[in-house]
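For reference, the structure discussed in these notes is given below.
Computed from a predicted structure; not experimentally measured.
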Amino acid sequence: MATTRQAHTVWEGSLLEGKGVVTLDSSGIGEYPVTWAARTEPAESGRTSPEELIAAAHSSCFNMAFSHALAGAGNPPARLETKAEVTFQPGEGITGIHLTVEGQVPGLDEAAFVKAAEDAKANCPVSQALTGTTITLSASLV
């Protein structure tokens, strides 16, 4: 069965001086301030950006897809930790996403882990939604 999730943003002012608030409607877990500066300047506590929200979505979706694939192949992971880095260049947009995954998977060697990670990267629904962006991956067992 298909599911739909909702979020909304209210923006006030111009791009450079304005500000907004993103609300996660479906879960009700929070409101997050967004600004142009949060996208283009060093990260600052208390503000987020569309790129950070994409990174959160991508890292969680990737871990779910990877965990499912590993378990389906008979090697359920003990732990997966994935960082997603989304690069934004003003005037160009999102120029790339890099996933870094470290895992603890009993019974799996490094080569099999990397291959399974590449497959998960290609098949994760968020990766598929972001096919217009270059997505790279580093994967290792710990």
Side-chain angles (χ1 to χ4, degrees), residues 1-108 111-142:
M1 174 182 279
T3 60
T4 301
R5 301 292 186 255
Q6 299 88 30
H8 77 275
T9 301
V10 175
W11 187 267
E12 297 174 343
S14 68
L15 174 62
L16 299 180
E17 290 86 28
K19 61 184 178 180
V21 176
V22 175
T23 302
L24 304 181
D25 297 322
S26 299
S27 64
I29 61 172
E31 294 183 347
Y32 303 93
V34 293
T35 63
W36 175 252
R39 296 182 89 173
T40 60
E41 297 174 4
E44 181 181 300
S45 179
R47 299 183 302 182
T48 192
S49 68
E51 293 73 29
E52 184 177 32
L53 297 169
I54 290 170
H58 204 174
S59 65
S60 61
C61 183
F62 173 84
N63 271 357
M64 290 179 197
F66 195 16
S67 175
H68 181 66
L70 289 168
N75 295 97
R79 184 171 194 274
L80 297 172
E81 181 174 340
T82 300
K83 176 170 66 171
E85 297 170 279
V86 177
T87 302
F88 175 77
Q89 178 64 44
E92 291 181 46
I94 293 173
T95 58
I97 300 171
H98 185 72
L99 300 172
T100 303
V101 60
E102 294 181 341
Q104 297 171 0
V105 186
L108 200 64
F113 181 80
V114 170
K115 182 183 181 319
E118 287 289 349
D119 290 344
K121 179 188 79 150
N123 294 306
C124 141
V126 171
S127 290
Q128 291 176 349
L130 299 170
T131 56
T133 301
T134 301
I135 301 171
T136 56
L137 173 73
S138 300
S140 61
L141 289 170
V142 291

State, yes or no, whether a side-chain contact exists between [X] and [Y] at a heavy-atom distance under 4.5 Å.
{"X": "His98", "Y": "Ser138", "result": "yes"}
{"X": "Thr48", "Y": "Leu53", "result": "yes"}
{"X": "Val114", "Y": "Leu137", "result": "no"}
{"X": "Cys124", "Y": "His58", "result": "yes"}
{"X": "Thr23", "Y": "Tyr32", "result": "no"}
{"X": "Ile97", "Y": "Leu130", "result": "yes"}
{"X": "Thr136", "Y": "Leu99", "result": "no"}

Side-chain ([X]) to main-chain ([Y]) donor-acceptor, under 3.5 angstrom:
{"X": "Trp36", "Y": "Ala38", "answer": "no"}
{"X": "Asn123", "Y": "Asp119", "answer": "yes"}
{"X": "Thr95", "Y": "Phe88", "answer": "no"}
{"X": "Lys121", "Y": "Phe62", "answer": "no"}

Non-hydrogen atoms of [X] and [Y] that approach each other most closely:
{"X": "Thr4", "Y": "Ser26", "answer": "O-OG, 4.3 Å"}
{"X": "Gly46", "Y": "Pro33", "answer": "O-CG, 2.8 Å"}
{"X": "Glu52", "Y": "Arg47", "answer": "OE1-O, 4.1 Å"}
{"X": "Val101", "Y": "Ala117", "answer": "CG1-CB, 4.3 Å"}
{"X": "Leu108", "Y": "Leu141", "answer": "O-CD1, 3.2 Å"}
{"X": "Gly96", "Y": "Thr133", "answer": "CA-CG2, 3.7 Å"}

Problem set entry | Stepwise salt bridge (Lys or Arg N to Asp or Glu O under 4.0 Å) check, Arg39 with Glu51 | CA-CA 7 Å; Arg39 296 182 89 173; Glu51 293 73 29; 2.4 Å; yes

For this session: Among Val22, Val21, Val10, find the one that has a side-chain contact (heavy atoms from CB on, under 4.5 Å) with Val34.
Result: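 The side-chain contact (heavy atoms from CB on, under 4.5 Å) with Val34 is passed solely by Val22 among Val22, Val21, Val10.
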
Exercise. With respect to Val126, which candidate in Ser59, Cys61, Ser60 satisfies the side-chain contact (heavy atoms from CB on, under 4.5 Å) definition?
Worked result: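 For Val126, the side-chain contact (heavy atoms from CB on, under 4.5 Å) check succeeds only for Cys61.
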
For this session: Kindly assign one of parallel, tilted or perpendicular to the pair Phe113 and Phe66, based on the angle between their ring planes and the thresholds 30° and 60°.
Result: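 Aromatic pair Phe113/Phe66 classed tilted.
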
Exercise. Does the pair Thr82 and Thr100 meet the rule for a side chain to side chain contact (heavy atoms under 4.5 Å, CB included), with working shown?
Worked result: CA-CA 5 Å; Thr82 300; Thr100 303; over 6 Å; no

Problem set entry | salt_bridge(Glu81, Lys83) N-O dist < 4.0 Å |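 No.
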
